[in-house]
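As structure tokens, the structure follows; a few thoughts come after it.
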Amino acid sequence: AQTVTQSQPEMSVQEAETVTLSCTYDTSENNYYLFWYKQPPSRQMILVIRQEAYKQQNATENRFSVNFQKAAKSFSLKISDSQLGDTAMYFCAFMNTFGNEKLTFGTGTRLTIIP
Amino acid sequence: ETGVTQSPTHLIKTRGQQVTLRCSSQSGHNTVSWYQQALGQGPQFIFQYYREEENGRGNFPPRFSGLQFPNYSSELNVNALELDDSALYLCAIKVGSLNTDTQYFGPGTRLTVL
């Protein structure tokens, strides 16, 4: 069974600074998807960024980028020029490319952007 | 916005009762998944429906059941409610083939069992 570990329960950073959230996972599969989701206090889970394991290039979405290290099974999220609206819970999630489309989530990192 | 809606937003029930939670989307989809998110935890997969058939279940007992309808709505039913069922329940939809691309979540239903 796959597991996802987020070792940073809480983080805080000054507005406009850069912050990196860590995620490691365990799987025996070679092909899979990885995601970062953001859950603000309003609780709607919003997709931040996704990575397909067969792609070596790290995904980027505006201020958000990932560092995907497949051999190390590491998938960190970097937020550049952080903004107050980035304050939220961030969840790392794993999905197989076969069988049902179950997302396996980590326990989350609570990120606070300080004005 | 994802265009995924859930109702009700909040619900209070007592132990032993039954509850039905609903999910719908503005756009067509053929896959809907349900997740349970306990306070301070990540979501846990309950089950998934693909073209109105169950397509996988997580570690949840049979008193958790679901339905998916042709009109892009779906239901999560929980019988014989227990205190530990108190959680945020999220549905997620996806358009397209199995095992491709991204699931989009609704805002959730907060269930409290007393």
Side-chain angles (χ1 to χ4, degrees), chain A residues 1-10 21 23-25 27 29-55 59 61 64 66 75 88-110, chain B residues 1-10 23 25 29-51 53-60 66 68 87-111:
Chain A
Q2 289 78 26
T3 58
V4 178
T5 302
Q6 294 180 250
S7 59
Q8 304 153 311
E10 294 188 25
L21 309 183
C23 173
T24 58
Y25 58 94
T27 183
E29 301 301 326
N30 188 51
N31 216 7
Y32 44 87
Y33 294 95
L34 293 165
F35 304 87
W36 279 98
Y37 281 92
K38 165 186 176 181
Q39 190 176 40
S42 65
R43 79 194 185 198
Q44 178 118 31
M45 194 78 75
I46 301 165
L47 175 69
V48 175
I49 199 165
R50 60 187 283 271
Q51 176 81 40
E52 295 161 63
Y54 68 87
K55 290 185 177 179
E61 287 288 344
F64 299 88
V66 298
F75 183 60
M89 282 290 290
Y90 286 81
F91 292 97
C92 179
F94 172 100
M95 188 180 84
N96 271 320
T97 59
F98 63 91
N100 67 57
E101 297 173 328
K102 164 187 170 182
L103 283 166
T104 301
F105 286 86
T107 52
T109 296
R110 182 177 302 280
Chain B
E1 295 296 322
T2 64
V4 182
T5 58
Q6 291 187 242
S7 62
T9 54
H10 296 86
C23 173
S25 71
H29 65 273
N30 50 23
T31 303
V32 61
S33 302
W34 287 90
Y35 292 82
Q36 180 195 67
Q37 186 178 16
L39 200 60
Q41 300 295 317
Q44 298 290 316
F45 176 74
I46 302 174
F47 45 56
Q48 180 185 84
Y49 278 77
Y50 175 67
R51 293 183 176 175
E53 297 287 332
E54 186 176 296
N55 182 47
R57 169 179 283 264
N59 190 26
F60 282 82
Q68 185 185 20
L88 180 67
Y89 288 85
L90 299 167
C91 72
I93 63 99
K94 190 183 73 65
V95 180
S97 306
L98 277 176
N99 303 113
T100 61
D101 226 297
T102 306
Q103 298 181 42
Y104 296 93
F105 284 82
T109 294
R110 172 74 65 190
L111 173 65

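So that the names make sense, note that chain A is the first sequence line, chain B the second, and so on, each numbered from 1.
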Is the ring pair B:F47/B:Y49 parallel, tilted or perpendicular, if the boundaries are 30 and 60 degrees? perpendicular

Portion of A:Q6 that has a non-hydrogen atom of chain B nearer than 4.5 angstrom: neither

Quick one: side-chain contact (heavy atoms from CB on, under 4.5 Å) partners of B:A87, sequence neighbours excluded? B:Q36, B:Y89

What part of B:Y35 lies closer than 4.5 angstrom to a heavy atom of chain A: side chain, backbone, both or neither? side chain

Does atom CZ of A:R110 have more than 12 heavy-atom neighbours from other groups under 6.0 Å away? no

With a 4.5 angstrom heavy-atom cut-off, could you sort out which part of A:L47 is near chain B: side chain, backbone, both or neither? side chain

Below 30° counts as parallel, above 60° as perpendicular, anything between as tilted: where do the rings of B:F105 and A:F105 land? perpendicular

Chain A shares the most heavy-atom pairs under 4.5 Å, among B:P43, B:G40, B:G56, with B:P43

Given that the side chain runs from C-beta out, which part of B:Q44 has a heavy atom under 4.5 Å from chain A: side chain, backbone, both or neither? neither

Can you classify the ring geometry of A:F94 versus A:Y25 as parallel (below 30°), tilted (30 to 60°) or perpendicular (above 60°)? tilted

